[in-house]
Amino acid sequence: SKIFNRFYQNTVTEKTGFGIGLSIAHEIIKLHHGQIKVDSIEGKGSEFTIILPLGKIHFPQESIIASPGSLPIDPVEKENTDELLKIIDSDSVETILIVEDHEELREYILEVLDANYEIVEAANGKEGLRVALEQVPDLIISDIMMPEMDGMEFCGVLKSSVATSHIPIILLTALTSIDDKLVGYDIGADDYITKPFNEELLLAKVKSLLHNRELIRSKFKVDGLILPRNLALTSTDQEFLEKLTELIEAHLDAQDFGANQLSREMGMSHSVLYKKIKALSGMNMVEFIRDYKLRIAKKLLENQSNSVTEVCYKVGYSDRKYFSKLFKQRFGVPPSSFLKKAE
C-alpha cells in the first residue's frame, strides 16, 4: 500500500537504521495479520515478500473504526494517518526492561516474566539508560550494584526525565538496611526486591505496579475533567500534564491544532510525546486532544449558556454534524440533549 511504502521509506532512511526500519515495518504487517518472507543470496541481495489478507474479517470488531461516510474529516483527525506512519502502537503486550550485569540472574528473571511480557535487556546502567530512552518500556527491573552506572544513579536519571519519569522501577538489592532503601525511594524507586527473591513475589510486584498504572489511565475515561494534581503521579508527570492541557486550552478554538503542533510546543519529539501520553492516559495524542476538547464542550453545554454551534466552534470544530457525531460517540447522547434540559 502507499501508506506502507511511505512509512517504510521514511523509516529506513532515518538515523535509526535499516534494522530498526525492518522491525517497525514488521509491526505494521503484524497489526494487519500479514506475513513477511525473506529470500537472500549472498553477494546479490535480499528479496522481501509481504502478504496482507484482503478485507477486514480477520480483524476483531473493536479494532474496526467505522467510516464517517460523507462527513468531512477534521484536520486534527487526519493526523491519525501521519501518526501511524511515525509510530506503531504495539501496546497489546507490556514491555519490561531488565537491567542486570549478572547474566545468569538476568536470564532467570527473563524466564520468570517471558510468558506474559515482552522483555528487553541491558547488562549495566549505562546500557539500560540508552535502551530505556529508545524503547520507553512499561516497567523496569534494575540491579543496584552494576558497573558503568549503578542502579541508584540509573533510577535517578530516569525519574528526573520527562520522557521516562512515569515508568515504574523495581530495584533489586542485596542491601537490607532501611537507610539504603530510603535512598532509593527518595530518588523515585517504586519498589524493592531483596536478593535472593521468590519468583512469585517478583510476579506479584510487577502485576501490582502495572495494575496501578492502569488505574491511573482508567481515570481518564470518566466523564468529568481531571486535574493532574488529583492523580497519583510524580511531580514531573503532574507538570507534564498541566503543560499539556494548558497548551490544548490555549489553542482550544484552533481547527488545525493537532499532534504535530502539540509535540513542537511541548519541545518533545513526536515519538517520545506519543509514548508518554499513551502511558499516562491510555490514549494516543490525537485521541487525547479530541477527548479533552469534547470534555470541555460537555462542560460548556452543561452551563446551558451556549448553543451547540457556539460550543462546536469554541472547541475547534468547523462542522456541527461531525462534532455532534464525535460527542455522541463519547458521551452516548447528542449535544442537543443538554439544550432540551434547559427548556
Side-chain angles (χ1 to χ4, degrees), residues 90-161 163-218 231-234 236-237 275-276 278-280 282:
S90 56
D91 297 322
S92 56
V93 178
E94 289 161 310
T95 301
I96 295 177
L97 168 61
I98 303 171
V99 187
E100 169 63 65
D101 62 314
H102 193 286
E103 187 175 355
E104 290 184 4
L105 179 55
R106 193 169 70 245
E107 289 178 356
Y108 170 67
I109 298 172
L110 186 150
E111 289 176 4
V112 172
L113 300 173
D114 191 46
N116 300 307
Y117 306 100
E118 182 178 336
I119 306 299
V120 288
E121 304 173 59
N124 57 64
K126 187 175 181 180
E127 181 185 346
L129 184 60
R130 177 186 60 77
V131 175
L133 293 172
E134 289 178 357
Q135 301 276 350
V136 191
D138 296 290
L139 183 140
I140 296 172
I141 299 171
S142 174
D143 191 14
I144 290 182
M145 305 300 291
M146 294 184 296
E148 307 229 20
M149 177 186 287
D150 65 33
M152 291 293 191
E153 183 181 357
F154 171 68
C155 179
V157 172
L158 291 179
K159 289 297 185 178
S160 62
S161 169
T164 54
S165 57
H166 62 281
I167 302 174
I169 299 177
I170 298 175
L171 292 178
L172 301 177
T173 180
L175 305 174
T176 57
S177 75
I178 296 298
D179 289 341
D180 289 322
K181 291 186 177 181
L182 286 176
V183 171
Y185 285 126
D186 285 342
I187 60 175
D190 295 88
D191 210 336
Y192 267 94
I193 293 182
T194 304
K195 301 177 186 177
F197 57 85
N198 179 282
E199 63 182 64
E200 291 183 1
L201 175 64
L202 174 63
L203 278 168
K205 286 181 177 287
V206 166
K207 289 179 181 178
S208 177
L209 285 173
L210 291 174
H211 179 64
N212 288 341
R213 302 307 300 183
E214 183 58 37
L215 289 177
I216 292 174
R217 287 192 288 267
S218 69
L231 298 171
L233 299 172
T234 65
T236 304
D237 290 339
K275 291 176 181 178
K276 181 78 176 181
K278 187 75 173 178
L280 291 176

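Between atom CG of residue L203 and atom OG of residue S208 there is a gap of 12.5 Å, rounded to the nearest 0.5 Å. In this structure, K126 NZ and F154 CZ are separated by 14.0 Å, a value rounded to the nearest 0.5 Å. We find the NE2-CE distance between H102 and M145 to be 14.0 Å, quoted to the nearest 0.5 Å. For the atom pair CD1 (I167) and CG (L209), the distance works out to 12.5 Å, reported to the nearest 0.5 Å. Distance SG/C155 to CD1/I169: 4.0 Å, rounded to 0.5 Å. Note: L171 CG to I141 CD1 = 10.5 Å, rounded to the nearest 0.5 Å.
The two atoms that bring P147 and N124 nearest to each other are O-CB, 3.4 Å, heavy atoms only.
Contact check for Y192 versus I170: no side-chain heavy atoms found under the 4.5 Å cut-off. At a threshold of 4.5 Å between non-hydrogen side-chain atoms, the residues R213 and H166 count as touching. Residues Y117 and L210 form a side-chain contact, since some pair of their non-hydrogen atoms from C-beta on lies under 4.5 Å apart. Using a 4.5 Å cut-off on side-chain heavy atoms (C-beta onward), L172 and I109 make contact. Side-chain contact between D237 and K276: present, with at least one pair of heavy atoms (C-beta onward) separated by less than 4.5 Å. Side-chain atoms of I96 and I140, non-hydrogen and from C-beta on, never get closer than 4.5 Å to each other. Side chains of L97 and E121 form no contact here, defined as non-hydrogen atoms less than 4.5 Å apart. The side-chain heavy atoms of M152 and I144, taken from C-beta on, include a pair separated by under 4.5 Å.
Between K207 and E94, none of the side-chain N atoms (NZ, or NE/NH1/NH2) sits under 4.0 Å from a carboxylate O, so this pair counts as no salt bridge. A salt bridge is defined here as a Lys NZ or Arg NE, NH1 or NH2 lying under 4.0 Å from an Asp or Glu carboxylate O, and D101 with R106 fails to meet this definition.
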Q: Evaluate the criterion side-chain contact (heavy atoms from CB on, under 4.5 Å) for residue pair D143 and V99; output intermediate values, then yes/no.
A: CA-CA 6 Å; D143 191 14; V99 187; over 6 Å; no
Q: Take D190 and K205 through the salt bridge (Lys or Arg N to Asp or Glu O under 4.0 Å) test and state the conclusion after the steps.
A: CA-CA 10 Å; D190 295 88; K205 286 181 177 287; over 6 Å; no
(Q) Applying side-chain contact (heavy atoms from CB on, under 4.5 Å) to E153 and D150, what does each step give before you reach the verdict? (A) CA-CA 6 Å; E153 183 181 357; D150 65 33; 3.5 Å; yes
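For the pair D138 (side chain) and T95 (backbone), a donor-acceptor distance under 3.5 Å is present. A donor-acceptor pair under 3.5 Å is formed between the side chain of E127 and the backbone N or O of A123. No donor-acceptor distance shorter than 3.5 angstrom exists from the side chain of Q135 to the backbone of P137, with no hydrogens or angles considered. A donor-acceptor pair is defined here as one N or O able to donate and one able to accept, closer than 3.5 Å; no such pair exists between the side chain of S161 and the backbone of V157.
No hydrogens or angles considered: nothing links the side chains of T164 and K159 as a donor-acceptor pair under 3.5 Å.
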